[in-house]
Amino acid sequence: MLQKSFDNSIEQKWQKRWLEENTYAFRPEEGKPLYTLDTPPPFTSGELHMGHVLSYAYFDFVARYKRMNGFSVFYPQGWDTQGFPTEVKVEKKYGRLPPPEFRKKCMEWTEDMIAKMRESMVGMGYSPDWGYQYRTMDPEYHKTVQLSLLQMHKKGMVYRAKHPVYWCTRCRSALAKTDTEDSERSTMLNYFIFDGPDGEPLEIATTRPELMPACAAVMFHPEDERYRHLAGRKIKTALGKEVPAIADKDVLKDFGTGLLMVCTFGDKMDVIWAYRHKLPVIEAIGTDGRMKNTELFDGMKVEEAKKAIIGMLREKGKLVKQEQLQQAVKLHDRCKHPVEFAPSYQWFADITGHREEIKRLAEQVEWVPSFGIHYLYDWADSVEWDWVISRQRVFGTPIPFYICDKCNSVRPCDEDELPFSPERAKAHTCGCGGKMRPETDVCDCWVDSSITPLVIADWPEMKNPELYPSSLRPQGVEIVRTWAFYTIYRSGLALTGKPPWKTILLNGNVLAPDGRKMSKSLGNVIQPAELLREYQADALRQWAAMSGAMAKDRPFSYEDIKFAKTFLNKWWNGARFIESSLSGYDAGKKPKLGKVDRWMLEQMNVAIGQATEAMERYEFHAAVKLLQSFFWHDVCDDYLEYVKYRIYGEGAEGRHAAQHVLHTILYNFTKMMAPFTPHISEEIYSEMFGGKEGPSVHLAAWPRPGERHHGAHLEVEQLRLLVSAARQHKAACKLSQATWLSSASITLPKPLHSELVEEFRNIARIKEVELKEGEFAVDFSKSVPIEAQG
RNA sequence: GGGCCCGUAGUCGAAUGGUAAGACGCUACCCUGACAUGGUAGAGAUCGAGGGUUCGAUUCCCUUCGGGCCCACCA
């Protein structure tokens with residue numbers, strides 16, 4: 001029997017039991033078609049945030065729906081473990097340690113985080129098969145990543161080169177463009193005097209005077225009348241260094257004085273210009289963020305050097321003026337420190353040579369919603385340099401190569417060395433006779449995560465070819481340019497030649513209720529754990545389903561989750577009523593259905609059809625809303641009220657028919673809600689329908705419409721109008737709806753079937769009904785309330 | 001500057017080539033034997049603005065204004 005109310009203890013009971021009974025195990029031996037989810041491995045921060053809650057709920061709906069539709073669902077759980085944030089935290093706790101020890105601490109820390117996150121995920125009722133987990137820090141995972149790099153190297157898609165790259169001076173590592181973010185800041189634009197070829201003063205504006213020692217050229221726009229005459233001549237910087245004056249179309253005439261200095265390397269344009277005009281490279285900033293090769297300022301930090309040179313040049317009268325300037329600077333997204341450019345040897349993956357192929361492959365994937373592919377097009381078209389895949393860090397997948405000390409050539413590690421680690425490296429000799437040292441750099445974590453569809457398909461063996469491509473890749477829209485892009489590139493283009501998934505399903509971000517981004521500094525962060533305590537997992541999951549259209553950011557809504565909780569209460573009580581109504585129900589007996597019963601069953605058939613369509617299109621909000629409305633309004637407000645007189649009354653046939661319909665409706669409804677609200681569905685299934693289709697509602701079949709019952713609809717709609725009229729009359733007279741009325745006179749265009757007249761009398765509680773033909777009207781003028789009876 | 005998304009009642013938000021769900025909030029009444037986390041009834045939107053296509057547009061096209069996201073640039 002259902003207990004009085006639905007509470008957290010019921011949810012926890014089922015969470016425990018599902019784990020014990022391995023309800024969601026992937027069972028390919030069953031011989032059903034497979035459905036594979038290439039699920040996002042969360043970064044192991046230890047905390048599940050609202051974005052996780054939303055996106056994981058999304059594909060949990062899919063997984064549960066597909067299971068009920070006869071698929072063997074492969075729903076693995078991965079963990080993205082390596083990278084800067086963990087290193088930062090571990091370093092803070094333990095300080096800098098030798099790499100092997102440091103890595104060990106990182107792994108221990110990560111284990112703890114995984115345990116915490118797993119608990120939260122269980123608490124949300126997610127249904128991965130916990131027997132299939134992968135962690136990017138595991139030796140097996142390293143092996144697969146490294147093998148993928150060796151194969152790409154063989155195809156010429158991975159190479160080592162010296163190139164200016166984004167560099168974080170705090171983390172002392174190369175970064176990919178996707179590791180950076182833009183930030184506005186206010187800075188000074190400084191005007192200095194350089195000396196022209198004929199000794200005339202030339203004003204030049206710069207925000208980075210500290211790089212003047214690395215100045216390689218002075219540039220102007222080719223059509224700038226003021227400076228045309230300088231072309232090809234020498235100019236002396238304020239520090240007295242001679243550099244060429246060069247015309248270039250990318251110089252803005254009206255910024256500053258129209259004259260600029262190119263320093264190697266102050267920003268991205270400097271890099272472009274230096275390559276375009278083959279300028280000499282002066283490394284003025286070291287990898288530690290301190291100045292070098294400047295004579296005067298070596299060893300200073302960038303900001304110190306800036307102050308020093310401004311002070312010096314002001315004294316010499318070379319500083320003309322300073323202006324405030326709003327400027328966008330790139331920051332390392334993980335540590336928020338400004339990013340510099342540093343020329344250094346790094347490993348690259350060739351993406352600029354493959355943008356069109358990547359786009360073509362992406363087009364073979366179904367994008368839901370379809371506009372999502374534009375994010376990938378934009379990225380593919382705008383990316384300017386190859387992907388820097390190496391990081392000068394410790395907690396990461398080692399890059400499996402050797403480098404010759406003498407000639408700088410590279411040699412892949414042997415396959416029997418995998419998983420490769422520089423600490424266990426072999427002694428190799430280069431063709432030139434030099435000694436080869438193992439690479440100590442590690443991979444960018446997107447290198448790890450861009451092969452998840454291969455990892456879960458057990459690449460390279462791929463014993464079960466049905467596992468690749470994955471059926472579905474669910475992910476956030478904000479990581480199309482990283483996770484989706486790199487996965488299509490690596491798993492797809494480079495390693496298999498096939499798109500990694502059939503469908504990609506995009507979800508948006510959860511904003512704070514005020515519509516702004518959630519952030520600690522704004523204090524508007526909502527913790528899932530708190531919501532779980534107050535509203536329960538099944539309510540939070542319904543909120544996720546109701547959160548509107550896909551790939552769209554959506555503020556968190558307390559209204560929605562409150563409604564979801566209220567709905568659970570409504571459903572629970574409706575189920576309790578039905579449970580008590582079913583006492584003595586003989587399911588084996590064929591019911592004699594009345595028009596109202598047939599109307600209800602057909603409403604259910606329609607709801608099943610619509611919900612199924614919505615689920616097939618991943619329109620969870622549509623499915624949930626229509627199911628909620630169906631149960632609350634069609635079932636509870638109308639049908640339940642319409643059959644109460646039969647349930648409590650004497651007539652065995654009418655009672656049995658109502659029981660049959662109530663039983664059928666609740667059963668199908670409970671199953672259709674199961675993907676969204678697994679706990680309450682399981683409890684109702686277990687208490688009221690125990691084992692009808694196996695041990696769990698989640699292994700039962702998704703409902704199909706039953707026998708159709710057309711024809712009753714229009715008549716019953718008339719009945720509903722009549723009942724509504726009676727309800728209005730009672731409300732207007734301040735009478736309880738339970739009051740019996742002596743009489744009513746109803747006028748209808750067409751005569752109403754006597755069965756429905758009787759229904760009307762019993763439902764609306766009216767003793768005598770007089771029928772007339774004509775325009776619709778209900779007249780209670782002669783009606784008198786009667787003392788409530790039996 | 002480029003791309004994408006959006007602009008619907010007080011709020012949040014669906015759908016739709018034939019004048020518009022639902023939820024929250026609001027008003028009145030009702031403790032009716034599942035539920036007051038309830039029930040019944042009700043008020044509230046000319047669908048950002050302008051133009052076009054059409055017999056007819058909130059829905060299609062163009063322009064415009066206003067939001068949001070992503071990308072590029074800022075010496």
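Just so it is clear, the structure is predicted and the values come from calculations on it, not from any experiment.
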I want to check something: taking the side chain as every heavy atom from C-beta on, are [X] and [Y] in contact at a cut-off of under 4.5 Å?
X	Y	result
A:Tyr667	A:Met688	no
A:Leu313	A:Phe192	yes
A:Trp632	A:Asp637	yes

Regarding [X], tell me which of base, sugar-phosphate or nothing describes its non-hydrogen contacts under 4.0 Å with the strands shown.
X	result
A:Gln737	base
A:Asp560	nothing
A:Asp637	sugar-phosphate

Do the rings of A:Trp387 and A:Tyr486 sit parallel, tilted or perpendicular, given the 30° and 60° boundaries?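 The rings of A:Trp387 and A:Tyr486 lie parallel, inter-plane angle below 30°.
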
Parallel, tilted or perpendicular: rings of A:Phe630 and A:Phe669 (30°, 60°):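 Because their plane-to-plane angle lies in the 30° to 60° range, the rings of A:Phe669 and A:Phe630 count as tilted.
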
Pairwise distance CD(A:Gln327) to OG(A:Ser183) - rounded to 0.5 angstrom: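 If we round to the nearest 0.5 Å, A:Gln327:CD and A:Ser183:OG are 10.0 Å apart.
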
Tell me whether the side-chain N/O atoms of [X] come closer than 4.0 Å to OP1 or OP2 in [N].
X	N	answer
A:Lys268	B:C74	no
A:Ser557	B:A23	no
A:Gln327	B:A75	yes
A:Arg208	B:A75	no
A:His633	B:A23	yes
A:Trp379	B:G3	no
A:Arg481	B:C71	yes
A:Lys625	B:G13	no

Give the dot-bracket string for RNA chain B, reading 5' to 3', where a pair is Watson-Crick or G-U wobble with both distances under 3.5 Å, ( ) marks pairs inside the strand, [ ] marks pairs crossing earlier ones, | marks a partner on another strand, and . marks unpaired. (((((((..(((.........))).(((((.......))))).....(((((.......))))))))))))....

How close or far is atom [atom2] of [N] from atom [atom1] of [X], stated in whole angstroms?
X	N	atom1	atom2	result
A:Phe371	B:G3	CZ	P	16 Å
A:Met546	B:G13	CE	P	13 Å
A:Phe631	B:C35	CZ	P	14 Å
A:Asp553	B:G13	CG	C1'	16 Å
A:Asp378	B:C69	CG	P	16 Å
A:Asn573	B:G38	CG	P	10 Å
A:Lys570	B:C24	NZ	P	12 Å
A:Lys330	B:C70	NZ	P	12 Å

Can you find an N or O donor on one side and an acceptor on the other, under 3.5 Å apart, linking the side chain of A:Lys734 with the base of B:C30?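 Side chain to base: no pair present.
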
Could you give the distance separating [M] and [N] at their [atom1] atoms, to the nearest angstrom?
N	M	atom1	value
B:C62	B:A23	P	36 Å
B:C69	B:U53	C1'	32 Å
B:G10	B:C5	P	28 Å
B:A57	B:C61	C1'	12 Å
B:C65	B:C12	P	24 Å
B:G7	B:A43	C1'	25 Å
B:U8	B:U59	P	13 Å
B:A41	B:G52	C1'	44 Å

Between A:Asp248 and A:His277, is the side chain to side chain donor-acceptor pair (under 3.5 Å) condition met? List the steps. CA-CA 9 Å; A:Asp248 189 285; A:His277 302 290; 2.7 Å; yes

From C-beta outward on A:Met269, which listed nucleotide comes closest to its side chain: B:A72, B:C73, B:A14?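 Minimum distance to the A:Met269 side chain belongs to B:C73.
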
Would you indicate which nucleotide in B:C35, B:C73, B:C30 comes nearest to any side-chain atom of A:Glu641?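 Given the options B:C35, B:C73, B:C30, the side chain of A:Glu641 is closest to B:C35.
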
Using ring centroids (six-membered ring only for Trp), state whether A:His663 and A:Phe689 fall under 6.0 Å.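 Yes, ring centres under 6.0 Å apart.
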
List the steps and the verdict of side chain to side chain donor-acceptor pair (under 3.5 Å) for A:Gln475 and A:Ser55. CA-CA 7 Å; A:Gln475 67 160 72; A:Ser55 58; over 6 Å; no

